[in-house]
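All values below come from the heavy atoms of this structure, side chains included, with hydrogens, waters and symmetry mates left out. By convention in this document, chain letters (A, B, ...) are assigned in the order of the sequence lines, proteins followed by strands, and residues within each chain are numbered from 1.
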Protein chains: 2
Amino acid sequence: MASDHTRSAILAAAERLYADRGFGDVTLRDIVAEANVNLAAVNYHFGSKDELIAELFVTRSIATNRERLRELKAAEEAGGGRAPIEVILRALVGPTLRGCLGPENQRSTAARFMIRASIESVPPIRRIKNREIDHLRKFAGAMRRALPDRNEVDIYWGLNFALAMAHHTIRESERLTKLSDGQCDLDDVEDVVARVVSVATMALTAGRTESKASSKVAAR
Amino acid sequence: MASDHTRSAILAAAERLYADRGFGDVTLRDIVAEANVNLAAVNYHFGSKDELIAELFVTRSIATNRERLRELKAAEEAGGGRAPIEVILRALVGPTLRGCLGPENQRSTAARFMIRASIESVPPIRRIKNREIDHLRKFAGAMRRALPDRNEVDIYWGLNFALAMAHHTIRESERLTKLSDGQCDLDDVEDVVARVVSVATMALTAGRTESKASSKVAAR
DNA sequence: GATAGTTTCATACAACTGTTTGAATTGCAA
DNA sequence: TTGCAATTCAAACAGTTGTATGAAACTATC
């Protein structure tokens, strides 16, 4: 059993502080002060600081991955084992974008925490991200089924670029807002999703064997 | 005057260590040991650890930015004030990609350092990156001239996506290699550049007013 | 070769870090 | 209540960090 109260108070406080101030300058003492618990409680309940961070990140990231797979599975079942590429890409980048973007004032601590996690990259989080490959393979498989004529290398590049646009937009959302003088509306998440999906789809469906020769425009 | 020897020994050692082991666990003592100089030398020559990191990053990053602008200017002059969008994008992402990618065994310390700087994000480097907006505005301007019919918001999104693909590919090059079982050849830098430019160009030139309505495929 | 300025050096400093300890307290079962 | 385990707590620990100091060594100028 156990009261669990201390445990979840620490989790909540840590998430809030990391979200606001980053991993770099938040100490265990900051966390326990915010949570109104004793310093030793962190090590008692989580083992170490890194395991606390890992638990925070894992919780949020399996939630996102589950949603991703749910959408993917639903799409493939609806299409008899083969889903349109746009829908696959939407399942890939949608949950991540929805989990991190949206109106700033109503942005959850979880969302702000995940943004931090994608900007700063501390060891415990990096370790978890490295295990994400198997998850991505499932999407690569679905994409291959959706575009059987496409060669495998192009599939991987398309997957890479889709993730690139989503993650970079999250990481650099502030800069994009500033650069565009607020014209790019990062709060309209569905529009962002649509843009990413649209470009990634084009990348994956434009003229065959786009690899070397044909696209080498204007070589210097 | 001054011998400068110590100064540059520190710079070289720091760049090497940061490149290999990241900013997180390289201390001043590691650096001075590698450089065979006294501990106090860092503060004497650079003022602080952060200023040392900043100097390293600034040096490399103004080199890249200068090359970018050189290519941009050359292209616009050759086209009488208006360059093809592909060439502008190539000037934007080419120097960065060429500076970080390429055959791993012959990759310079500078390149490996810049990869680190794009993965981990320490305060002194973040501060410098934030001042990069003026530089990007020049590219936004050139892109607007190249695509006068395109609305401004789409230009910014295209710029954002181009940078996204370049930076993400650098940051996650290892993962892409692993995911594709080595099929994606990150050593062929010009192919990578061509792919990024090709996709970004499509993003910027595909069907007008691609914003909301038309691209909202398969809304959930 | 004395002098003034620069650079190096060993060492100390002061602060902060995550973690551990062992005793106190609490909660629950018998 | 008694007993036992789970939890909390204050305090200390051991280590590391970047930085400061003041004397020593060097370098070049006159």
Side-chain angles (χ1 to χ4, degrees), chain A residues 1-58 113 116-117 120-128, chain B residues 1-58 113 116-117 120-128:
Chain A
M1 266 305 92
S3 75
D4 247 13
H5 172 277
T6 304
R7 211 187 130 82
S8 46
I10 292 173
L11 284 171
E15 188 170 56
R16 205 172 329 138
L17 287 178
Y18 285 142
D20 288 344
R21 295 164 30 193
F23 301 98
D25 49 46
V26 171
T27 71
L28 283 188
R29 284 168 176 83
D30 293 332
I31 294 171
V32 299
E34 179 86 357
N36 278 311
V37 301
N38 187 269
L39 174 59
V42 173
N43 290 277
Y44 178 78
H45 285 281
F46 298 92
S48 72
K49 188 196 189 184
D50 278 10
E51 289 175 83
L52 166 60
I53 295 180
E55 175 155 340
L56 278 171
F57 185 70
V58 161
F113 174 84
R116 275 289 172 197
E120 299 182 38
S121 186
V122 290
I125 289 185
R126 220 168 318 162
R127 254 171 274 150
I128 294 163
Chain B
M1 267 306 91
S3 75
D4 246 13
H5 173 277
T6 304
R7 211 187 129 84
S8 46
I10 292 173
L11 284 172
E15 188 169 57
R16 204 172 332 138
L17 287 178
Y18 284 141
D20 288 344
R21 295 163 33 193
F23 300 99
D25 49 46
V26 171
T27 70
L28 284 187
R29 284 167 175 83
D30 293 331
I31 295 171
V32 300
E34 179 86 358
N36 278 310
V37 301
N38 187 269
L39 174 58
V42 173
N43 289 276
Y44 178 78
H45 285 281
F46 299 91
S48 72
K49 187 194 188 183
D50 278 10
E51 290 176 83
L52 166 61
I53 295 180
E55 174 154 340
L56 277 171
F57 185 69
V58 162
F113 174 83
R116 274 290 173 198
E120 298 181 39
S121 186
V122 291
I125 289 185
R126 221 170 317 163
R127 254 171 274 149
I128 294 163

Output the rounded distance in Å from [atom1] ([X]) to [atom2] ([N]).
X	N	atom1	atom2	answer
B/Asp4	D/dC26	CG	P	20 Å
A/Ile10	C/dG18	CD1	P	13 Å
B/Leu39	D/dA20	CG	C1'	10 Å

Acceptor/donor pairs from residues 36-45 of chain B side chains to any protein atom, 3.5 angstrom cut, sequence neighbours excluded:
{"residue": "B/Asn38", "atom": "OD1", "partner": "B/Ala40", "partner atom": "N", "Å": "2.9"}

For a quick test of reading the model: is some side-chain N or O of A/Asn38 closer than 4.0 Å to OP1 or OP2 of D/dA10?
yes

Which residues in [range] have at least one heavy atom lying under 4.0 Å from any atom of DNA chain C?
range	result
residues 14-22 of chain B	none
residues 43-57 of chain B	B/Tyr44, B/His45
residues 24-32 of chain A	A/Thr27, A/Leu28, A/Arg29

Supply the atom-to-atom distance [X] [atom1] to [Y] [atom2], rounded to the nearest 0.5 angstrom.
X	Y	atom1	atom2	value
B/Arg7	B/Leu52	CZ	CG	9.0 Å
A/Ile10	A/Ile31	CD1	CD1	8.5 Å
B/Glu120	A/Arg126	CD	CZ	5.0 Å
B/Leu17	B/Phe23	CG	CZ	11.5 Å

Run the salt bridge (Lys or Arg N to Asp or Glu O under 4.0 Å) test on B/Arg29 and B/Glu34 for me, step by step, so that the C-alpha distance in whole Å, both residues' side-chain angles and the decisive distance to 0.1 Å come before the verdict.
CA-CA 9 Å; B/Arg29 284 167 175 83; B/Glu34 179 86 358; over 6 Å; no

Ring centres under 6.0 angstrom apart (A/Tyr18, A/Phe57)
no

Any sub-3.5 Å donor-acceptor pair from A/Arg116's side-chain atoms to A/Asp20's backbone N or O?
yes

With sequence neighbours left out, what residues match A/Asp50 under side-chain hydrogen bond (donor to acceptor under 3.5 Å, both in side chains)?
none

When all nucleic acid strands are considered with a 4.0 Å heavy-atom cut-off, which category describes A/Ala40: base, sugar-phosphate, or nothing?
base

Heavy atoms of A/Asp30 and A/Arg21 approach each other most closely as OD2-NH2, 3.0 Å

Does B/Glu51 have any side-chain contact (heavy atoms from CB on, under 4.5 Å) partners at least two apart in sequence or in another chain, and if so, which?
B/Ser48

